[in-house]
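Here's the structure we're looking at; comments come further down.
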Number of protein chains: 2
Amino acid sequence: MLSKKTKYGIKALVHLARQENRIPVQISTISKSENISQKFLESILLTLKKNGVLGSKKGKGGGYYLLKDPKDIPMTNVMRLLEGPIAMVPCVSLNFYEKCDDCPDEEVCAVNKLMLKVRDNTLEIFRNTTLADLSN
Amino acid sequence: MLSKKTKYGIKALVHLARQENRIPVQISTISKSENISQKFLESILLTLKKNGVLGSKKGKGGGYYLLKDPKDIPMTNVMRLLEGPIAMVPCVSLNFYEKCDDCPDEEVCAVNKLMLKVRDNTLEIFRNTTLADLSN
DNA sequence: TTTTACCCTATCGATTTACTAGAGTAATGC
DNA sequence: GCATTACTCTAGTAAATCGATAGGGTAAAA
């Protein structure tokens with residue numbers, strides 16, 4: 001299940017991508033427009049900023065804005081930041097790999113085999129979908 | 001993240017599918033061989049039985065066995081029983097559809113658009129993968 | 001009639017999730 | 001300067017879920 005954190009994060013990013021210009025958008029504006037708890041959204045935008053997706057401007061007329069062109073922001077990037085691993089099990093994860101402690105041999109593990117296929121496919125989608133694709 | 005329930009369930013099913021004949025296999029046997037808590041496994045096999053995937057035989061020489069040929073058991077079936085919805089958000093789920101209460105219009109929702117693609121792809125994999133495919 | 005092994009209910013600690021509270025700090029415009 | 005605005009950060013918390021455990025009940029086979 002997709003977490004609300006990721007869901008809200010994507011919605012906020014799309015909101016910013018749909019903005020005509022690069023003028024900073026206040027948290028409260030996004031919060032109201034997308035029906036997201038302001039404080040919760042605050043923490044989400046903060047992690048997006050810390051990881052180089054967003055920039056922010058303080059003071060009057062401040063807010064958050066995209067640092068890159070929406071077409072240069074693949075969803076793999078966003079998903080990994082907000083949701084974490086794309087794989088459904090750590091033993092098939094590229095960026096968050098972990099060995100299963102109960103599994104003697106990954107080579108013959110059916111779960112591994114199945115989830116590897118799913119990960120490859122999902123990854124492909126996230127790689128080939130940018131923020132721009134979602135903003136039309 | 002895939003739940004242990006599903007993970008264990010798949011492993012148990014594969015164990016049964018790899019069995020030469022259709023002789024019932026005891027829970028304790030599967031439990032030891034696959035490193036799964038016996039009591040936990042018990043509840044998993046029970047739901048698989050209740051939903052027509054497994055049969056059971058009581059008393060001495062009893063145990064669980066597959067009711068169908070492994071090649072006739074698609075993973076969609078197994079996944080929905082154990083893991084629940086295949087979609088990452090309820091608003092793109094086929095069997096567990098639910099409207100998002102915060103989303104005014106699914107047609108323009110970026111999350112919906114993205115997760116629909118993921119679901120279609122994942123579903124395709126689960127549909128085209130049977131227990132037999134995982135048991136080789 | 002005893003043993004085996006499935007069947008069922010209840011509980012529980014740990015973790016995660018979604019969110020809230022509240023104080024602090026930097027920048028902007030007047 | 002200085003008040004205002006709006007981002008920054010730390011904690012905490014209610015609720016839900018997960019993974020597992022405990023323990024007794026019951027059906028069927030030998």
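Chain A is the first sequence line, chain B the second, and so forth, proteins listed ahead of strands; every chain is numbered from 1.
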Base, sugar-phosphate, or nothing: which does B:L45 touch, judged by heavy atoms less than 4.0 Å apart? nothing

Output the single nucleotide from [options] whose closest atom is nearest the side chain of [X].
X: B:F40; options: C:dC6, D:dG19, C:dA26; result: D:dG19
X: A:L46; options: D:dT21, C:dG22, D:dT8; result: D:dT8
X: A:S56; options: D:dA30, D:dG23, D:dT8; result: D:dT8
X: A:K4; options: D:dC7, C:dA18, D:dG19; result: C:dA18

To the nearest angstrom, how far is [X] atom [atom1] from [N] atom [atom2]?
X: A:K49; N: D:dC7; atom1: NZ; atom2: C1'; result: 8 Å
X: A:I44; N: C:dC19; atom1: CD1; atom2: C1'; result: 10 Å
X: A:K58; N: D:dC7; atom1: NZ; atom2: P; result: 10 Å
X: B:K39; N: D:dG24; atom1: NZ; atom2: C1'; result: 9 Å
X: A:Q26; N: C:dT28; atom1: CD; atom2: C1'; result: 12 Å
X: B:N35; N: D:dA20; atom1: CG; atom2: P; result: 11 Å
X: B:L2; N: D:dG19; atom1: CG; atom2: P; result: 9 Å
X: B:E83; N: D:dT17; atom1: CD; atom2: C1'; result: 12 Å

Checking the side chain of A:T47 only, and the main-chain atoms of A:I44 only, is there a donor and an acceptor separated by less than 3.5 Å? yes

Phosphate OP1/OP2 of D:dT8 contacted by A:Y64 side-chain N/O (<4.0 Å): yes

Answer yes or no: does a side-chain N or O of A:Y8 lie under 4.0 Å from OP1 or OP2 of C:dC19? yes

Pairing donors with acceptors under 3.5 angstrom, does anything connect the side chains of B:S3 and B:E83? yes

Do we see a donor-acceptor contact under 3.5 Å between the side chains of A:T130 and A:K71?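 No, because no side-chain N or O of A:T130 sits under 3.5 Å from a partner of the opposite role on A:K71.
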
Considering heavy-atom distances to DNA chain D, does A:G62 or A:K50 have its closest nucleotide positioned more toward the 5' end? A:G62

Starting from the C-alpha separation in whole Å, work towards a yes-or-no answer on side-chain contact (heavy atoms from CB on, under 4.5 Å) for A:L48 and A:L13. CA-CA 9 Å; A:L48 287 172; A:L13 286 172; 4.0 Å; yes

Do A:K113 and B:D133 pass the salt bridge (charged side-chain N to carboxylate O under 4.0 Å, His left out) test, and can you show the C-alpha distance, the side-chain angles, and the key distance before you say yes or no? CA-CA 10 Å; A:K113 194 195 280 187; B:D133 297 320; over 6 Å; no

Tell me whether the side-chain N or O atoms of B:E42 pair up with the base of C:dC7 as donor and acceptor below 3.5 Å, since no angle test is needed here. yes

If each of A:K57 and A:S37 is mapped to the nucleotide of DNA chain C with the nearest heavy atom, which maps nearer the 5' terminus, i.e. the 5' end?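 Counting from the 5' end, the first nearest nucleotide belongs to A:S37.
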
